[in-house]
Amino acid sequence: MHTPLGRRRFLREGSIAAAALAGSHSLRLPAATQQRISRYELIRTRVPMDERVRVAWQKSFFRQGRFQTHYEPVIVKLFTDDGLVGIGDADMAAASAGEILESLVGSSPWEHMLDDRLGGILVAIYDLIGKAAGLPVSKLFAARTKTRIQQTWWSQCFPPELMAAEAKRGADLGYRVHKVKARPWEDPIAQAEAICDVIPRDMRVWVDANAWWGSVGRTLHFCERLSKFHHYFAIESPFARERIDDYRLLKGKTALQVTEHIPADPMPFVRDGLVDAFVVGKPMGRTLVQRALMAEETRIPLWVEHSISSGVNQVFQAHQAAAFPGIEYAISVTHVLEDDLMLEPFEMKDGFYEVPQGPGLGVSLDMDAIERYRVG
C-alpha cells in the first residue's frame, strides 16, 4: 500500500535533505574544498548505432518522425588547480556546455553539487569531488549504499526475429531485465512470442508503448495477451500521462505493473495509487534526489534513465541507483551503440552491475575511441 505524501512536505523534506547532502562532506573535508576549477576541455563526438541493429533502429525512428542516425556525446574534462581531472558527458549542445563550463572556471566544484542547471556537466563535478574526498560518487549521496544495481537491457521496436536475437544477447551478457519498445508497425504479441522462446526463465520484460496504445481498451487488450507470457511483468506509458482519468480507469484491471514518466506534479498518481513505478529522465541533480526521497517514502520506485547514451554518464547513473533505495532499475542504450567510449567494460553478472568503489566515478574514458569518433 502506498503511503500518502503531501506535496509541500515532499518538496520541503527533499530540499532539506538535498542541502544536507551537499554540505555533509564539505564540513569534514575543508582542505579538499579549497580546490578550484582551473580549465576545461570539451570534445564533440558522433557515435553510430551498432551495425547489428542500425537499419532496423533507424527505420523505427524514422517512422516516429525522428530522423536520427547517431548519438552525439559531448565529452567534458574538468581540471582543478590541485591536479585532479573530472570526466562526464555534458548531454547538451556543445555551445551551451561551453558557456556553462566557462562560468565554472575559478569556482570550487563543491559549489555546484546538485545543480540541475549543469546537465551532464554535473557528472564531471561529482567525479572531481569524489576524487578529492577519496570516496566513490555513490557515497557522496548516501553513507550506506548498494554495491550492485539492476541495469536493464533495452531494445527499440524491432521485428520479432531481431528482437529475439537482442533479447538472447542481453541474457547471454548477464542482463535479467529487458525494456522493449512497442509501436503500431510491429505486433507486440509476435515480439513477445519470439523473445520468450529464447530467453532464460528468470529474465523479465517490460513494454514501453510511449503512449502509442492510446486508449484504455487497447491497453487492456494488449495487457491481457502479454500477461500470459510469464516473463512479462510491466507496461510503461500506454497513453499520455496527462490523461489521468484513463489511468484511474486502468487501475486494478491488469496483472501487469503500470508505470509512467513522472509528471511535474506526481501527487495525483501517488494519492490514487495509479502507478507501480515512475520512470525518471532528466535532470539528475537536486530534482533526482527529491524524487528518490519521494520514492523511498511512498514506496513507488523509480526506473531511472537520465543518462542513456554514453558510458561515463551511465556509470554516474549507477552510482545514484546504488545510493538511493527508491531507485529500482537503471536504463541506458549504450549497448546498442557502436562504442560506449569507456576503457572499462560495463559488465553484468546474474542481472547486476557492480558499482565501482574507487574514488570518483571509478572509471576512465577511452581516449583512443573518443578520438576515433571526434567531430569538429
Side-chain angles (χ1 to χ4, degrees), residues 49-64 66 150-239 246 250 252-261 275-277 279 303 305 308 328-337 348 350-352:
M49 303 157 185
D50 192 272
E51 186 176 7
R52 71 182 194 274
V53 297
R54 188 176 301 160
V55 172
W57 192 354
Q58 290 176 11
K59 282 182 178 178
S60 185
F61 267 7
F62 292 168
R63 284 169 166 163
Q64 297 170 68
R66 183 172 175 177
Q150 295 187 84
Q151 181 79 17
T152 68
W153 191 246
W154 179 96
S155 292
Q156 184 50 244
C157 186
F158 299 140
E161 61 276 11
L162 180 56
M163 195 72 93
E166 283 298 291
K168 185 177 187 306
R169 179 181 177 85
D172 290 345
L173 289 172
Y175 289 80
R176 287 298 177 267
V177 183
H178 188 179
K179 170 175 173 170
V180 301
K181 295 286 189 178
R183 298 293 183 266
W185 47 88
E186 297 292 347
D187 180 359
I189 310 307
Q191 290 173 326
E193 290 172 344
I195 288 171
C196 294
D197 276 347
V198 299
I199 59 177
R201 187 168 183 80
D202 63 345
M203 190 143 185
R204 308 174 76 217
V205 183
W206 93 73
V207 183
D208 179 9
N210 285 115
W212 282 81
W213 289 349
S215 70
V216 176
R218 188 170 176 81
T219 296
L220 288 173
H221 164 75
F222 285 124
C223 285
E224 180 182 2
R225 300 188 67 187
L226 290 171
S227 63
K228 294 177 181 177
F229 298 92
H230 86 269
H231 298 89
Y232 278 64
F233 75 100
I235 58 168
E236 176 186 337
S237 304
F239 30 77
D246 283 352
L250 185 62
K253 292 185 172 65
T254 175
L256 299 176
Q257 294 180 38
V258 177
T259 70
E260 179 54 275
H261 284 258
V275 293
D276 299 286
V279 178
W303 300 355
E305 56 179 21
I308 65 169
E328 186 172 16
Y329 299 125
I331 308 158
S332 63
V333 306
T334 59
H335 54 273
V336 281
L337 298 178
M348 296 289 292
D350 298 327
F352 291 91

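Because only heavy atoms are used, hydrogens play no part in the values below, and waters and symmetry mates are left out as well, while side chains stay in. Sequence positions, counted from 1, serve as the residue numbers for this chain.
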Peer 1: Do V180 and D208 make a side-chain contact, defined as non-hydrogen atoms from C-beta onward lying under 4.5 Å apart?
Peer 2: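 The answer is no; the side chains never approach within 4.5 Å.
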Peer 1: Judged by modelled atom types alone, do W303 and E328 share a side-chain donor-acceptor pair under 3.5 Å?
Peer 2: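 Short answer, yes.
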Peer 1: Donor-acceptor pair, distance only, cut-off 3.5 Å: does the side chain of R176 make one with the backbone of A171?
Peer 2: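 Looks like yes, one N/O pair under 3.5 Å.
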Peer 1: Between V207 and A182, which heavy-atom pair has the shortest distance, and what is it?
Peer 2: CG1-CB, 3.5 Å
Peer 1: Can a side-chain donor-acceptor contact be found between Q151 and S332 if the only test is distance below 3.5 angstrom?
Peer 2: yes
Peer 1: Using side-chain heavy atoms (C-beta onward) and a distance below 4.5 Å, is E186 in contact with Q191?
Peer 2: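 E186 vs Q191: side chains touch.
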Peer 1: Using 0.5 Å steps for rounding, measure from the CG atom of L226 to the OH atom of Y232.
Peer 2: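 So the CG of L226 and the OH of Y232 are separated by 6.5 Å.
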Peer 1: Shortest non-hydrogen contact from K181 to N210?
Peer 2: NZ-OD1, 2.8 Å
Peer 1: What closest approach, in Å, do E236 and H261 show between heavy atoms, and which atom pair accounts for it?
Peer 2: OE2-NE2, 3.0 Å
Peer 1: For atom CZ of R225, is the number of surrounding heavy atoms from other residues, nucleotides or ligands below 6.0 Å larger than 12?
Peer 2: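 Not more than 12 within 6.0 Å, no.
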Peer 1: Which atom pairs, one a donor and one an acceptor, fall under 3.5 Å between side chains of residues 154-162 and the rest of the protein, sequence neighbours left out?
Peer 2:
unit_1	atom_1	unit_2	atom_2	d
S155	OG	H178	NE2	2.8
Q156	OE1	S60	OG	3.0
Q156	OE1	Q64	NE2	3.2

Peer 1: Taking the six-membered ring for Trp, are W212 and F239 ring centroids under 6.0 Å apart?
Peer 2: no
Peer 1: Quick one, K59 with W185, criterion side chain to side chain contact (heavy atoms under 4.5 Å, CB included). Give me CA distance, side-chain angles, the key distance, then yes/no.
Peer 2: CA-CA 11 Å; K59 282 182 178 178; W185 47 88; over 6 Å; no
Peer 1: Can any side-chain N or O of W153 pair as donor or acceptor with the backbone N or O of E166 at less than 3.5 Å?
Peer 2: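 Checked: pair present.
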Peer 1: Any side-chain heavy atom of K179 within less than 4.5 Å of one from I331?
Peer 2: yes
Peer 1: Does the side chain of I199 come within less than 4.5 Å of V205's, by heavy atoms?
Peer 2: yes
Peer 1: So, taking the atom named NZ in K168 and the one named CG in L173, what distance separates them when rounded to the nearest 0.5 Å?
Peer 2: 10.0 Å
Peer 1: Might you point out which heavy atoms bring W57 and V336 nearest each other, and give the distance in Å?
Peer 2: CZ3-O, 3.2 Å
Peer 1: Nearest 0.5 Å, what's the OG-NE2 distance between S215 and H221?
Peer 2: 10.5 Å
Peer 1: To the nearest 0.5 Å, what is the distance between CD on Q150 and OH on Y175?
Peer 2: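 Result: 12.5 Å between the selected atoms.
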Peer 1: Considering all heavy atoms of both residues, which atom of W206 and which atom of V177 are nearest to each other, and what is their separation?
Peer 2: CZ3-CG1, 3.6 Å
Peer 1: Centres of the F222 and W213 rings: under 6.0 Å?
Peer 2: yes
Peer 1: Minimum heavy-atom separation for L256 to I235, with atom names?
Peer 2: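 In this case the closest contact between L256 and I235 is CD1-CG2, 3.8 Å.
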Peer 1: Is it true that R54 and D50 have a side-chain N and a carboxylate O under 4.0 angstrom from each other?
Peer 2: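 No, no charged N to carboxylate O under 4.0 Å.
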Peer 1: With a 4.5 Å limit on heavy-atom distance, are the side chains of V258 and L250 in contact?
Peer 2: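 Sidechains of L250 and V258: in contact.
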Peer 1: Between V279 and S237, is any pair of side-chain heavy atoms under 4.5 Å apart?
Peer 2: no
Peer 1: Are more than 12 heavy atoms from other residues, nucleotides or ligands located less than 6.0 Å from atom CG of D202?
Peer 2: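 Check passes, neighbour count above 12.
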